[in-house]
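Naming convention: chains lettered A, B, ... in sequence-line order (proteins, then strands); numbering from 1 in each chain.
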2 protein chains.
Amino acid sequence: MLLGVDRIATILRNAREKKSLSQRDLSAVSGVPQSHISKIEKGAVDLRLSSLVELARTLDLEVTLVPRSAVPAVQSIVRSTAQASDGKQTRLALKDLHRLEQTITRNSSVLPLTPKELAEVQQQLRLLSHFPLSEPDRKTIQSAYKTLQTHLSDHKNLNALRQAFAHLKDLRNRVAHRPSTVSGPQPVRPAYTLDEDDDDA
Amino acid sequence: MLLGVDRIATILRNAREKKSLSQRDLSAVSGVPQSHISKIEKGAVDLRLSSLVELARTLDLEVTLVPRSAVPAVQSIVRSTAQASDGKQTRLALKDLHRLEQTITRNSSVLPLTPKELAEVQQQLRLLSHFPLSEPDRKTIQSAYKTLQTHLSDHKNLNALRQAFAHLKDLRNRVAHRPSTVSGPQPVRPAYTLDEDDDDA
DNA sequence: GGTTATTATCTATAAAAGTAGATCGACACT
DNA sequence: AGTGTCGATCTACTTTTATAGATAATAACC
């Protein structure tokens, strides 16, 4: 297979995984059959340009042709955009974590948790704040916050609350074992700093 | 057809034209049949990724996927790379023109030209120096220079010399009618400045 | 007018993508 | 053990690309 075609397949798979989508998820969103996505990502088909454009669009990517002489500069732009995005998501996730922990601490007396369970949840949130987090990670944190708010307002749905805490534990386990370019937890901004310098364009 | 696929077709055609290649030329270099190149450039086929990679490679382009959020920055890089390349080619072309005119002026007494013809050639060279010129344009100028050198050394091949001057006239006619983003001859660097700040990486 | 070059269009054929599923092995969870 | 999810592989069929030319329309040149 041509050099370049393999790279495209790798970029597609990485982008899908970065969005925490399975092949079946991507199939549902893009309309391309899961079995075909599997072949595409393995480089087992020489896909059509329109199919590439469609999948790329679903993954917030754009197919383009750049002069060979501009490739290093373009790769640098792409890398720094990814890093900026990662940094931004991590900073936003820190805010989400802070909000969640404050709400838990403020309402600890009325939450259906033993002191041991409470300490464990707080420990998990503190640990999470030391890892780079992604947009899908943030969704898990936000979902737990919403479930907590709902519980605090109607004192119902204990199972949902327990499930939300379980998902947080899952998240902590996943990010702790996530492959990383550096060993151990990465230095991120000090936990729980709050600033408003982020724009969502 | 999907937005994006049309753009790719347009980029391919523009890149081919920028290199002064015909569809037959590109076919010979790339191995893709001319009739198929015609369909591709018209957007009449949904070509395979491997075919796109192959054509792009022949045109010194690389197929890549960039995050949608990075597209404006990437387009800016591509534009400035093209401008730098254009500017560089134009500056190098000025040198070629200068060298050619000096050689003609220095040897005007032994060239088989009437005073009127000589003045016309010099006029054409001066006019050319006011236009943005491309790499293929430079090849025409360099070819004329070589033919002139050959003639000066063996005093033969009058037809080739006349043909070389004719090609220069053709070039002058083409660039004078070339579509441009601004009206009239574009301001380029002052004619015949000589500096050695160009690197060919 | 004749010739040449370029791009577009046509025919016929072979190969492969794309589709629609089903199914399998591996893994995780209850 | 049973169940669900994931990615990979399989079957069968339809549609399209890619190829190899040939040819036509247009434009430019002599």
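Between the CD atom in Q89(A) and the CG atom in L94(A) there is a gap of 11.5 Å [rounded to 0.5 Å]. Between the OG atom of S134(A) and the NZ atom of K139(A) there is a distance of 9.5 Å, given to the nearest 0.5 Å. To the nearest 0.5 Å, atom OG of residue S27(B) and atom CZ of residue R16(B) are 11.0 Å apart. Separating the CG atom in L61(A) from the CG atom in N14(A) is a distance of 10.5 Å, to the nearest 0.5 Å.
D46(B) places its CG atom 21 Å from the P atom of dT14(D), with the value rounded to the nearest Å. Atom CG in L47(A) sits about 10 Å away from atom C1' in dG18(C), given to the nearest Å. Whole-Å rounding puts the L49(B) CG to dA16(C) C1' distance at 14 Å. The distance between atom CZ of R162(B) and atom P of dC30(D), rounded to the nearest whole Å, is 15 Å. A straight line from CG of L52(A) to P of dA17(C) spans 14 Å, rounded to a whole angstrom. Rounding to whole angstrom units, CD of residue Q23(B) and C1' of dA8(C) are separated by 8 Å.
At the phosphate of dG7(D), neither OP1 nor OP2 sits under 4.0 Å from any side-chain N or O atom of S38(A). The side chain of R13(A) contributes no N or O atom lying less than 4.0 Å from OP1 or OP2 of dC6(D).
When only modelled atom types and interatomic distance are considered, Q122(B) and T105(B) share a side-chain donor-acceptor pair under 3.5 Å. Using a 3.5 Å distance cut-off with no hydrogens or angles, the side chains of T140(B) and D137(B) do not pair a donor with an acceptor.
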**OP:** Scan nucleotides 19-30 of chain C nucleotide by nucleotide, 5' to 3', and note B when protein non-hydrogen atoms come under 4.0 Å of the base, S if they reach only the sugar-phosphate, - if neither.
**Re:** B-B---------
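Within the 4.5 Å cutoff, the side chain of I141(A) has heavy atoms near those of the L133(A) side chain.
Looking at heavy-atom distances under 4.0 Å, I37(B) makes no contact with the nucleic acid at all.
In terms of position on DNA chain D, the residue among R48(A) and L21(A) whose nearest nucleotide sits closer to the 5' end is L21(A).
Checked against salt bridge (Lys or Arg N to Asp or Glu O under 4.0 Å), K18(B) has the following partners two or more places apart in sequence or in another chain: D86(B).
Here R57(B) pairs with E54(B) in a salt bridge; the nearest charged N to carboxylate O distance falls below 4.0 Å.
Annotation: the terminal axes of the helix from dG1(C)-dC30(D) to dT30(C)-dA1(D) meet at 40°, where each axis is the rotation carrying the C1' atoms of four end pairs onto the next four (5 pairs per end, rounded to 10°).
Closest to the side chain of V45(A), from the set dA8(C), dA8(D), dA17(C), is dA17(C). Closest to the side chain of R16(B), out of dT7(C), dA17(C), dG7(D), is dT7(C). When distances are taken from the side chain of K42(B) to each of dA18(D), dG18(C), dT9(C), the shortest belongs to dT9(C).
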